[in-house]
Amino acid sequence: MDRTPEGSDHCCYVDGSRLQSGAVHFFVTRTIHERNRQHEKTKHMDLPVLTATANEVLEKHHATRFRWFFQDRYKIATFQAFFANTWERKDPVSWPTATLLLSQAGGVKNPWSHVFDIHKTDGKLWMRTYLGNNDEDIADYRNLMRLLHIEGGHGGEKWQAASFFGLMDSAASSVPGNWERSRIQQALDIPERLRRDIDDSKALYYLYTKAWRNGKEQSQKNYEKTRAIFDAHYADECRRLHASTCWTDNPKDKRIRPLPMDLGTVILD
């Protein structure tokens, strides 16, 4: 069934006729894109279920990161949602945001994924439903449409990105009742897109956190790896204590431990 992106600024048809020229197509879609930019950028969507779930997980498990799965309306694809309930400023003048990553699940090659900024106002989480701030965002949006078999144009069933995000939000209610599946126990549970450039990327099984003596310091690469897999607070605490997180690429290593929720006890070198 063909579905038309409602209000989309990436329409593949104009006046009911498909455009054959790539150059004209690019011009038209860009023109529509710019015309709707200011209007679309103001659109946002509340995430009441994710808000309640994040609060419950933090209270019961003292965890800030978790994942869950959902399907699109037509069950064409399965997606994984990963939420990091830690808040950072991207620059000194911006409000703190958290990270939500949606990615295609199921072990497919080159899975679709996109990183969203999550905002908080009066304790309530919300996100912008606009995907089009730059060329990478536009490409992700088009690839999502292609994955879901959405055809631009007139006459098809209307499709809104907000409905897709609504399914994602509703599915977050499954997290508390499926905590063992939802919790982040090892770095491998974190989507590949968020750990793509870490140091020694094959060593993803956590062993322990070790404090250095005799003037040794945590390396910058270890700091960045710790920040990517844990969060900025954990990485900063390691730096303050002159400690490093230690990892192995051997899944049978008997020293492997689940990722700790806080720094806890460190091992002296």
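Just so you know, these numbers come straight off a predicted model, no measurement behind them.
For A203, the side chain to side chain contact (heavy atoms under 4.5 Å, CB included) test picks out D200, K225, W247, D249, with sequence neighbours left out. Every residue meeting the side chain to side chain donor-acceptor pair (under 3.5 Å) condition with Q218, not counting sequence neighbours, appears here in chain and number order: N222. Listed by chain and residue number, D117 satisfy the side chain to side chain donor-acceptor pair (under 3.5 Å) test with K90 (two or more places apart in sequence, or in another chain). Applying the side chain to side chain contact (heavy atoms under 4.5 Å, CB included) rule to I256 yields the partners Q186, Y205, L207, T248, D253; only residues at least two apart in sequence or on another chain are considered. The ring pair (Phe, Tyr, Trp, His ring centres under 6.0 Å) search around W87 returns none, not counting sequence neighbours. E56 is linked by a side chain to side chain contact (heavy atoms under 4.5 Å, CB included) to K60, P176, counting only residues two or more places apart in sequence or in another chain.
Aromatic ring pairs are classed by plane angle as parallel below 30°, tilted from 30° to 60° and perpendicular above 60°; the pair W179 and H61 is parallel. Ring geometry, W112 versus F79: the interplanar angle exceeds 60°, so the pair is classed perpendicular (tilted spans 30 to 60°).
Side-chain contact annotation: T245 with T226, donor-acceptor N/O pair under 3.5 Å present.
Formation of a donor-acceptor pair under 3.5 Å by the T97 side chain with backbone atoms of H119 is not found in this model. Within the 3.5 Å criterion, the main-chain N or O of S94 finds a donor-acceptor partner in the side chain of R89.
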Evaluate side chain to side chain contact (heavy atoms under 4.5 Å, CB included) for L204 paired with R195, printing each intermediate quantity in order.
CA-CA 10 Å; L204 294 173; R195 51 180 171 82; 3.5 Å; yes
Given E237 and R227, is the salt bridge (Lys or Arg N to Asp or Glu O under 4.0 Å) satisfied, shown in steps?
CA-CA 10 Å; E237 282 296 289; R227 182 186 176 100; over 6 Å; no
Could you go through T129 and F165, starting from their C-alpha distance and side-chain angles, then the distance that decides it, and tell me whether this counts as side chain to side chain contact (heavy atoms under 4.5 Å, CB included)?
CA-CA 8 Å; T129 59; F165 300 137; 4.0 Å; yes
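Within the cation-pi definition used here (under 6.0 Å to the ring centroid, within 45° of the axis), R239 qualifies as a partner of Y223.
The pair E217-R240 fails the salt-bridge criterion, with no side-chain N (NZ, NE, NH1 or NH2) lying under 4.0 Å from an Asp/Glu carboxylate O.
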